[in-house]
Every structure is written in C-alpha cells, then in structure tokens.
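Each residue takes its place number in the sequence, starting with 1.
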Amino acid sequence: SLGGGFDPAVYYQGVTTTVTITVQNNIGDPITVTNLFVDFSWDGDTSSNGWDHDFGAGTVSPGGSTTFSRAITPPSATPGNYQLEAQVYGSAPGDGPPGPCNFLPGNVELRSLPPLSVTASGTPTSGNVPLPVAFRATVSGGSSPYSYSWTFGDGGTSTAQNPGHTYGRPGTYIARVTVQNSVGSTVSRDVTITVTVQPLIASGQANPAEGDAPLNVTFSATVSGGLAPYTYQWTFGDGAASTSQSVVHRYTAPGTYDAQVTVRDSLGSSVSSSVSVLVRPSAPQVSMLASLQSGVAPLTISFSAPITGG
C-alpha cells in the first residue's frame, strides 16, 4: 500500500508556493512512479474532470519514501477550505503495465494575501553635518521575497533593506523606501532627516606677539564649525599676505601691526579674526674702534664709536 503526506496546508491567493508530496512505499517491492497527479478543488472541479498538475516520475524503494515537488500558483478563488487529491500512476515488479493508485486526499486552506505594509525609520533623524544615518525598513503582509529601493533625498540610493547613509551638507531631506513583494504590489514610506551645521568660528594666534626688530612671528589659525574644507587668507599689516593655515612672517620695522586671518568654508560662509603684534626697536649697540692698537711714542690714534640699533 501507499502512504505519504503533503506540505504546506495553507496557501495565499496569487502567491506561488512550492508544494511537496511525499510518497511512502509500504510494500516489499520498489514502486516505479511514472506520474504523480495532483488536483486542487479551488478551481471549481475535481480529479474526475482531469488532473491539474503532474509532479513527475520517480522510484520509491521498499519501506522508503520519495519527495516530489512543484511550484503552484493558487487562483484568486474565494478564501476557505478546499480538497487536495493525489494519484500515483506507476507499477511494482510483476504488476504489469503502470496503473493508477489514488491516495492522499486532504484538506487545504486558501487565504487572502495580507495587505503589504512597511514602516521606515532613521537613526538619528537630525544632527550636525556630516551626519551618518542608519535606516531601517520593516515589512509585514504581502508575499516574500521583498525588494527594497531607497532614495535619500540628496541623490544617494540603496537596494539594501537596512542601509546606512551619510549626509554631507546641511538641509532637510526626505528619505523614501519603496518595497515590492513577489506578486508585484508596492508600498512606500518616508523619513524626514534634518541636517544642520555649527557656526563657523576662527581664532588667529601669533607667537611671539611682541619682540625686537627684526621679529619672526609664527601665525596659526584654529577653526571649528562650518563645513570643511576651509581656505585661509592672512594679512600681516605691513603689506604682506599668505594663504596658509600656519605661516612664519618676519617684521623688519618697529611698530604695532594688526594681523588678520579670514577663513571661508565650503558653504561660502566666512569669518575673520585679528591678532596684534608689537615690534620694538632693537636696543642701541655701541662699538669702540681705534685706528692703532700699539706703536712707538709719540703715537697718534684715531678713535670712533659707531652705534647700531635704537
């Protein structure tokens, strides 16, 4: 005799499902299966009007079992309980030509496909640039497998279910995920992301800030906020200039100089900072010079006292 089972017992309208029929051989001889016919009553008829599906051929060893599979797409029939019928068409040694053996009548349930829905989130939803955001899509209903299409509102895209994306400029962005299930239904959800930028702040330093001429001063600029990269423009109060963030400048004349650095970020914002440098005259230096250092008396010597600095 034959036995067996089938799986699954629950189906959804229009959703292609792999149906598995297991044939159990309870006799002492192998069974050669030439056809395994299957019929579902949800199409409005029974096996008496012809079998709906043929799961193919195979061999079932004595006391063993063989699994037959096929993808089935249920129709849009009224949800409810229906009957599955199966028939093995085959033979055992000494049986003569292949013949039919009905077995495995059973009940299956046809259900409506739950509506496809998705929730979308981003963590965090606000912050300063550059802002990395972890996005997540959670799907329910519909029919798997699902496909995902994300747009982040700044030209970036992803097909991952839970992508990460970094926003490089301030603004308000609408990130959208569109989910499609296996039967072609789609649904979308949006996430609003707000990206801000800290105020641009610059501070100029001079080291040393005072000293005697000639004076070498190291200037440097410290920047925070805004959006990198930054550009720098130094003026030193004596007509000289530089575009370096840090620079050494030499003052040769005494005086008080206002050095200024202007910093501009990639968004076009700019800010300036000044630092004062005092350059003092160098201390006077006197040298005593003699035309002769020695000689025979009477000795005439010329003396001079040149002065430098001051």
Side-chain angles (χ1 to χ4, degrees), residues 1-117 138-148 159-162 179-186:
S1 63
L2 297 180
F6 63 91
D7 186 71
V10 177
Y11 299 83
Y12 292 94
Q13 294 171 326
V15 178
T16 301
T17 305
T18 297
V19 181
T20 300
I21 305 292
T22 301
V23 178
Q24 176 73 40
N25 183 358
N26 298 320
I27 65 176
D29 295 313
I31 297 175
T32 300
V33 178
T34 56
N35 305 90
L36 174 56
F37 296 115
V38 175
D39 184 270
F40 292 89
S41 63
W42 53 43
D43 59 0
D45 61 21
T46 64
S47 60
S48 61
N49 298 318
W51 297 96
D52 296 331
H53 309 283
D54 185 353
F55 278 53
T59 300
V60 188
S61 61
S65 63
T66 299
T67 298
F68 300 79
S69 298
R70 182 169 176 176
I72 302 296
T73 303
S76 297
T78 302
N81 293 319
Y82 295 90
Q83 189 174 59
L84 177 151
E85 296 179 88
Q87 180 190 82
V88 171
Y89 196 84
S91 63
D95 284 353
C101 178
N102 292 335
F103 86 112
L104 207 66
N107 292 324
V108 296
E109 182 183 359
L110 181 63
R111 297 177 181 177
S112 297
L113 189 65
L116 177 65
S117 66
T138 303
V139 181
S140 63
S143 171
S144 63
Y146 308 102
S147 63
Y148 303 85
T159 56
Q161 179 180 358
N162 302 313
V179 178
Q180 181 172 332
N181 69 6
S182 63
V183 295
S185 300
T186 61

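Between the side chain of E109 and the backbone N or O of A9 there is no donor-acceptor pair closer than 3.5 Å. Judged by distance alone, the side chain of N25 and the main-chain N or O of S61 form a donor-acceptor pair under 3.5 Å. Using a distance-only test at 3.5 Å, with no hydrogens or angles considered, a donor-acceptor pair links the side chain of S182 to the main chain of S143. Judged purely by atom type and a 3.5 angstrom limit, N181 has no side-chain atom pairing as donor or acceptor with the backbone of G142. Between the side chain of T34 and the main chain of Y89, a donor-acceptor pair closer than 3.5 Å is present. Of the possible donor and acceptor atoms, none in the side chain of S41 sits under 3.5 Å from a partner among the backbone N and O of Y82.
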- Task: Would you please test T17 and I72 for side chain to side chain contact (heavy atoms under 4.5 Å, CB included) and show each step?
- Result: CA-CA 5 Å; T17 305; I72 302 296; 5.7 Å; no
- Task: Decide yes or no on side chain to side chain donor-acceptor pair (under 3.5 Å) for S65 and T22, but give the supporting numbers first.
- Result: CA-CA 7 Å; S65 63; T22 301; over 6 Å; no
- Message: Between T59 and T66, does the side chain to side chain contact (heavy atoms under 4.5 Å, CB included) criterion hold? Intermediate values first, please.
- Response: CA-CA 7 Å; T59 300; T66 299; 5.9 Å; no
- Start with the C-alpha gap between S91 and T32, add the side-chain angles, then the distance that decides, and say whether side chain to side chain donor-acceptor pair (under 3.5 Å) holds. CA-CA 5 Å; S91 63; T32 300; 5.2 Å; no
- Kindly determine whether W42 and V108 satisfy side chain to side chain contact (heavy atoms under 4.5 Å, CB included), including the steps that lead there. CA-CA 10 Å; W42 53 43; V108 296; 4.0 Å; yes
- Item | From CA spacing to verdict: side chain to side chain contact (heavy atoms under 4.5 Å, CB included), R70, V19 | CA-CA 5 Å; R70 182 169 176 176; V19 181; 5.8 Å; no
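Of the inter-residue distances, the one linking L36 atom CG with F68 atom CZ reads 5.5 Å to the nearest 0.5 angstrom. F6 CZ to N107 CG: the interatomic distance, rounded to the nearest 0.5 Å, is 7.5 Å. The CG atom of L110 lies 8.5 Å from the OG1 atom of T78; values are rounded to the nearest 0.5 Å. Atom CD of residue Q24 and atom OG1 of residue T67 lie 10.0 Å apart, to the nearest 0.5 angstrom.
Contact detail for G56 and V33: the closest heavy-atom pair is O-CG1, 4.1 Å. What you find for L116 and S185 is that their closest heavy atoms are CD2-O, 3.5 Å. Scanning both residues, V183 and G14, for their nearest heavy atoms gives CG1-O, 3.3 Å. Contact between N26 and G3 at its shortest, heavy atoms only, is ND2-N, 3.8 Å. Taking each heavy atom of E85 and W51 in turn, the nearest pair found is O-CZ3, 3.6 Å. Contact detail for P79 and R111: the closest heavy-atom pair is CB-CA, 4.3 Å.
Side-chain contact annotation: S69 with T18, donor-acceptor N/O pair under 3.5 Å absent. In this structure, a donor-acceptor pair under 3.5 Å is present between the side chains of N35 and D54.
Taking the six-membered ring wherever Trp is involved, the centroid distance between the rings of F40 and Y11 falls below 6.0 Å.
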